[in-house]
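Below you'll find the structure, written out as structure tokens, and then a few comments.
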Number of protein chains: 2
Amino acid sequence: MPLYQRLLDLLRSQIESGRYSVGDQLPTEHAMRTSFGVSRSTVRNALRALTDEGLIRPTPGVGTVVIRSRPPVQPSLLRGFTEDFARRGVPTQARVISAQIVDPPSQVRDRLELLPEEQVLHLVRLRLVSGAPLALMDNFVPASLGIGPEEDFTGPLYELIERNHKYYITYGRDAIGAATVRPEAASVLELPIGSPVLTIKRTAFIGYDRPIEYVEAIVRPDHYEYNVTLLRGKDAS
Amino acid sequence: MPLYQRLLDLLRSQIESGRYSVGDQLPTEHAMRTSFGVSRSTVRNALRALTDEGLIRPTPGVGTVVIRSRPPVQPSLLRGFTEDFARRGVPTQARVISAQIVDPPSQVRDRLELLPEEQVLHLVRLRLVSGAPLALMDNFVPASLGIGPEEDFTGPLYELIERNHKYYITYGRDAIGAATVRPEAASVLELPIGSPVLTIKRTAFIGYDRPIEYVEAIVRPDHYEYNVTLLRGKDAS
DNA sequence: AGCTCGCGATTGTCCGTACAAACGCACAAG
DNA sequence: CTTGTGCGTTTGTACGGACAATCGCGAGCT
């Protein structure tokens, strides 16, 4: 672990624990430099991170004071299914049911803003958590991306897109609804006919507004809920 | 003006103007160091700022690529039901079914972090869009806020809290699921028994982490879907 | 007493160097 | 054909030094 990060963790825990409380002055950079036996740039590296987190405010000629004891709440980020569960320490499996290049349904064509004759990779996967089926996912990715049906789709799809194809996902729009499970999906998800399911439709974008992926997921609501943290802005209304 | 800031402005304008477009690789730090005649730390200072702004992504062993040409889209903000619809130009009505001070259920007590004997204002409202019932909402607000059962609850509840009581909501957490509608709710929502419904549970906070409101909503999925825009961060996985 | 000047202290900027870690690629080995 | 080994490139981390900009405060002058 890098030096500056250990110093960062130490300082952050001291601030959170109240060893330094709001309004207090931190030791000077030079004091830390000598007491920790590191160079000043290392100290500054740690302090810059704390500044970015909004915990401290350095002022030239004065010193560095603590302005918050905890980081401000972060809104939820766009995460793939695999990432979302891995973050909570729950391992997931994916079973690829089909992966083929097809002509997209019109609704997919609209969402991905495809050209008239453009084809897509259609990926159907069953997601499992501890062996039990949880979600049935239909992914649509433009075939022009160059991702073929033969790749390994059991891991995080976003990483596959980002690492292999130099496209970086910037944001996504989710639409969440509820419906009665379709019979075909019911059998795969091991649900009784007529059960309610959570439906998640997501469009992911690269750059400023270019859609790169469209997903429709059907999720068992008994073992999953969609969680999101939202900030309240001044212009919310 | 500091050197690194001039370099920063130059790079930013080149990225915004398309001189370097999304996916392009920036010159290496060493190349900038020589071409601009500054030290590497100055270059890195500028690059770090661009990284913080989300415009570039440096990767060890590879280089620095442009991932955005403009500042990112804004993620969704926390909005109340009335605000959410008003924003899209759809007027809504609210019918107050009951409003009383009660002892909260244990689950509400946990979410609002209430003291053992603390009471809450329990508000049950039916939300209508163009005369048709859309959602049944149970709001819980600590009685200590001073909002009585006799106030006007047909408008935006957040405005009521914020304007009259000087509390500003900072963020909220939503948990969205699907379920089969309960019989009592079915009749109010004019749904057949056994219909699927969308359930939204929200906790809203003031300050760092003080919960101020808890809502459970049961929504007809045939005329509503929960929409949210999420950014993709660098530490999403 | 009140004001000004200058000094020390503190953070900001900038330079140079060195090594580590991660990655892509060519090339050799099996 | 596959594997892995090594090498060069690029960013990350860390060191040390120097000067600038800013501020608080006391010494000294009016």
Side-chain angles (χ1 to χ4, degrees), chain A residues 1-12 15 20 23-68 146 150-152 155-156 159-168, chain B residues 1-12 15 20 23-68 233-235 237:
Chain A
M1 176 178 277
L3 267 179
Y4 81 95
Q5 210 160 48
R6 289 203 289 173
L7 178 56
L8 169 62
D9 289 344
L10 175 64
L11 289 174
R12 191 177 14 225
I15 290 174
Y20 298 112
D24 284 2
Q25 192 137 13
L26 282 188
T28 68
E29 296 175 358
H30 182 260
M32 292 189 191
R33 171 175 168 2
T34 56
S35 71
F36 288 101
V38 297
S39 78
R40 193 181 158 211
S41 56
T42 302
V43 174
R44 286 183 63 76
N45 213 347
L47 292 182
R48 180 175 46 74
L50 285 177
T51 306
D52 289 345
E53 292 175 24
L55 294 186
I56 63 175
R57 172 160 51 202
T59 311
V62 179
T64 303
V65 295
V66 179
I67 59 176
R68 273 201 256 269
E150 68 289 343
E151 303 215 33
D152 176 27
E159 279 186 17
L160 192 67
I161 295 177
E162 293 187 342
R163 207 183 53 240
N164 289 8
H165 301 271
K166 303 282 187 298
Y167 291 118
Y168 291 96
Chain B
M1 178 179 277
L3 268 179
Y4 80 95
Q5 211 160 49
R6 289 203 289 172
L7 178 55
L8 169 61
D9 289 344
L10 175 64
L11 289 174
R12 195 180 9 229
I15 289 174
Y20 297 111
D24 284 1
Q25 194 140 15
L26 283 187
T28 68
E29 296 175 356
H30 182 260
M32 293 190 190
R33 172 174 167 6
T34 55
S35 71
F36 287 101
V38 298
S39 80
R40 193 179 159 214
S41 57
T42 302
V43 174
R44 285 183 64 76
N45 214 346
L47 292 182
R48 180 175 48 74
L50 286 176
T51 306
D52 290 345
E53 292 175 24
L55 294 186
I56 63 176
R57 176 180 311 190
T59 311
V62 180
T64 303
V65 296
V66 178
I67 59 176
R68 276 198 259 270
K234 33 181 185 258
D235 58 340
S237 53

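Protein chains get the first letters and strands the later ones, always in sequence-line order, with residue 1 at the start of each.
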What integer distance in Å separates [X]:[atom1] from [N]:[atom2]?
X	N	atom1	atom2	result
Gln5(B)	dC14(C)	CD	P	9 Å
His30(B)	dG8(D)	NE2	P	16 Å
Met1(A)	dT13(D)	CE	C1'	14 Å
Arg57(A)	dT10(C)	CZ	P	19 Å
Leu3(B)	dA18(D)	CG	P	20 Å
Arg48(B)	dC14(C)	CZ	C1'	13 Å
Arg44(A)	dT11(C)	CZ	C1'	6 Å
Met32(B)	dT9(D)	CE	P	18 Å

Exercise for the section: For Leu47(A), report the nucleic acid contact type (base, sugar-phosphate, nothing); a contact means any heavy atom under 4.0 Å. Expected result: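 Result for Leu47(A) = nothing.
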Exercise for the section: Answer with base, sugar-phosphate or nothing: what part of the nucleic acid does Ser41(A) contact at a heavy-atom distance below 4.0 Å? Expected result: base
Taking every non-hydrogen atom, the tightest pair across [X] and [Y]:
X	Y	value
Arg33(B)	Val43(B)	N-CG2, 4.0 Å
Tyr20(B)	Val66(B)	CB-CG2, 4.0 Å
Leu8(B)	Ala46(B)	CD1-O, 3.7 Å

Side chain of [X] (C-beta onward), nearest among [options]:
X	options	answer
Glu29(B)	dC14(C), dG12(D), dT11(C)	dG12(D)
Tyr4(B)	dC14(C), dT11(D), dA14(D)	dC14(C)
Val62(B)	dT13(C), dC23(C), dT10(C)	dC23(C)
Arg40(A)	dG12(C), dT11(D), dT13(D)	dG12(C)
Pro60(A)	dG16(C), dT11(C), dT13(D)	dT11(C)

Practice task
State whether the side chain of Gln25(A) and the backbone N or O of Val62(A) hold a donor-acceptor pair below 3.5 Å, judged by distance alone.
Solution key: yes
Handout entry: Of Asn45(A) and Thr59(A), the one whose closest DNA chain D nucleotide lies more 5'
Key = Asn45(A)
Fill in the blank from the handout: Between Thr64(B) and Val43(A), the residue closer to the 5' end of DNA chain D by nearest nucleotide is Thr64(B)
Handout entry: Distance test, side-chain N/O of Arg33(B) to OP1/OP2 of dG16(C), below 4.0 Å
Key = yes
Problem - Lys/Arg N to Asp/Glu carboxylate O, Arg6(B) vs Asp9(B), below 4.0 Å - result: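 Salt bridge between Arg6(B) and Asp9(B), a charged N being under 4.0 Å from a carboxylate O: no.
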